[in-house]
Amino acid sequence: MLVVHFLFTKITSMKIVTYLIIAILLPLAVSAQQFKAGLIGGVSATQISGDRLAGYHKAGIVAGGMVSVELSKKFDLAMEILYFQKGSRKNSDPENFDFTEYRLRLNYFEVPLLLQWKYTKRFTFEAGPAFGALLSQREEDELGDIPNRRPFKKFEFGIAGGMKVNFAQAFNFTARIESSVLAVRDHVSGETYRLNKGQYNAALLFGIQYTFKKNNE
């Protein structure tokens, strides 16, 4: 029952965010000249601040769908619904007598809302906010699960930006960088320092987007 309640809470919370974004997109879609939908799949490289492990060492999976509406000849507004794996990782290095390990796995349900600038027919630049809900977390070291780990916040608010490169009629390569704007977990001490309120996610995304063809195309 606890598992069912947990999943219901996460899904319901993100439904509210999704419905709000759809409420923005739907009127635009009805009046827009073009309305597109597609699928996205790729990989992420992520890190989290405050763990003393610099570098995007945690690999993950990104998958989901997208819808977009044409605002003008140069601009689109797109919404994505993604499963996004984030976290941090450190492998042991026995050759240098370093046997410590660390693995942080964070699974998010994420909804980016992106303004896309069609620079040319081939290159598109995009940027906008990203709203996430934490589905699960797991934190381990060389001894296994870390007991009494500090919980992450249920929701994440970040900003994303990147570019898409069209390399075939219905396919785009996507490269994007994303960072939390609000802290996703408090500092160990529980204190805050001006703009540094805790730990923040940072992610790189590399993926392929497939856009469905319209019947009249």
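Residues: numbered from 1 along the sequence shown.
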With side chains defined as the heavy atoms from C-beta onward, is the minimum distance between [X] and [Y] less than 4.5 Å?
X	Y	answer
T100	D141	no
V111	F84	no
L106	L134	yes
I48	S88	yes
V165	T174	no
S72	E70	no
F206	F173	yes
E101	R89	no

Heavy-atom pair of closest approach, residues [X] and [Y]:
X	Y	answer
Y200	V181	CE2-O, 3.4 Å
V62	V43	CG2-C, 4.3 Å
L205	G207	CD2-N, 3.9 Å
T46	Q85	CG2-O, 3.9 Å
Q199	S49	NE2-O, 2.8 Å
Y56	A45	CD2-O, 3.2 Å

Checklist entry - Take atom CZ in R150; do more than 12 heavy atoms of anything else shown fall under 6.0 Å from it? => result yes
Item to check | Verdict with supporting geometry, Q209 and L39, side chain to side chain contact (heavy atoms under 4.5 Å, CB included) | outcome: CA-CA 6 Å; Q209 176 183 305; L39 299 174; over 6 Å; no
Item to check | Residue list, side chain to side chain donor-acceptor pair (under 3.5 Å) with Y119, at least two apart or on another chain | outcome: none
Next on the checklist: Applying side chain to side chain contact (heavy atoms under 4.5 Å, CB included) to I208 and F167, what does each step give before you reach the verdict?
Outcome noted: CA-CA 10 Å; I208 301 296; F167 64 89; 3.9 Å; yes
Checklist entry - Stepwise, does the salt bridge (charged side-chain N to carboxylate O under 4.0 Å, His left out) test hold for E142 with K90? => result CA-CA 10 Å; E142 65 276 7; K90 176 192 177 296; over 6 Å; no
Is there a path of hydrophobic side-chain contacts, each under 4.5 Å between heavy atoms of I/L/V/M/F/W/Y residues, joining [Y] to [X]?
X	Y	result
F131	L182	yes
I81	I61	no
V184	I146	yes

Examine the side chains of [X] and [Y] and answer whether a donor and an acceptor come within less than 3.5 Å of each other.
X	Y	result
Y102	E139	yes
R105	N107	no
E156	S180	yes
K86	S44	no

Checklist entry - Should the pair R176-E80 be classified as a salt bridge under the 4.0 Å nitrogen-to-oxygen rule? => result yes
Checklist entry - When you check the gap from the basic side-chain N to the acidic O, do D186 and K197 get nearer than 4.0 Å? => result no
Rounded to the nearest 0.5 Å, how far apart are [atom1] of [X] and [atom2] of [Y]?
X	Y	atom1	atom2	answer
F123	W117	CZ	CH2	12.5 Å
M79	M66	CE	CE	9.5 Å
L71	L77	CG	CG	5.5 Å
N91	R103	CG	CZ	8.0 Å
S136	F109	OG	CZ	14.0 Å
N201	K58	CG	NZ	11.0 Å

Checklist entry - With a 6.0 Å cut-off on ring centres, are F155 and F157 close enough? => result no
Item to check | Ring centers of F171, Y210 separated by less than 6.0 Å | outcome: yes
For the pair [X] (side chain) and [Y] (backbone), establish whether a donor and an acceptor sit closer than 3.5 Å, ignoring hydrogens and angles.
X	Y	value
H187	G198	yes
T120	R122	yes
D76	A78	no

Item to check | K36 to F212, cation-pi by 6.0 Å centre distance and 45° axis angle | outcome: no
Checklist entry - Among K74, M163, Q116, which one satisfies side-chain contact (heavy atoms from CB on, under 4.5 Å) with T124? => result Q116
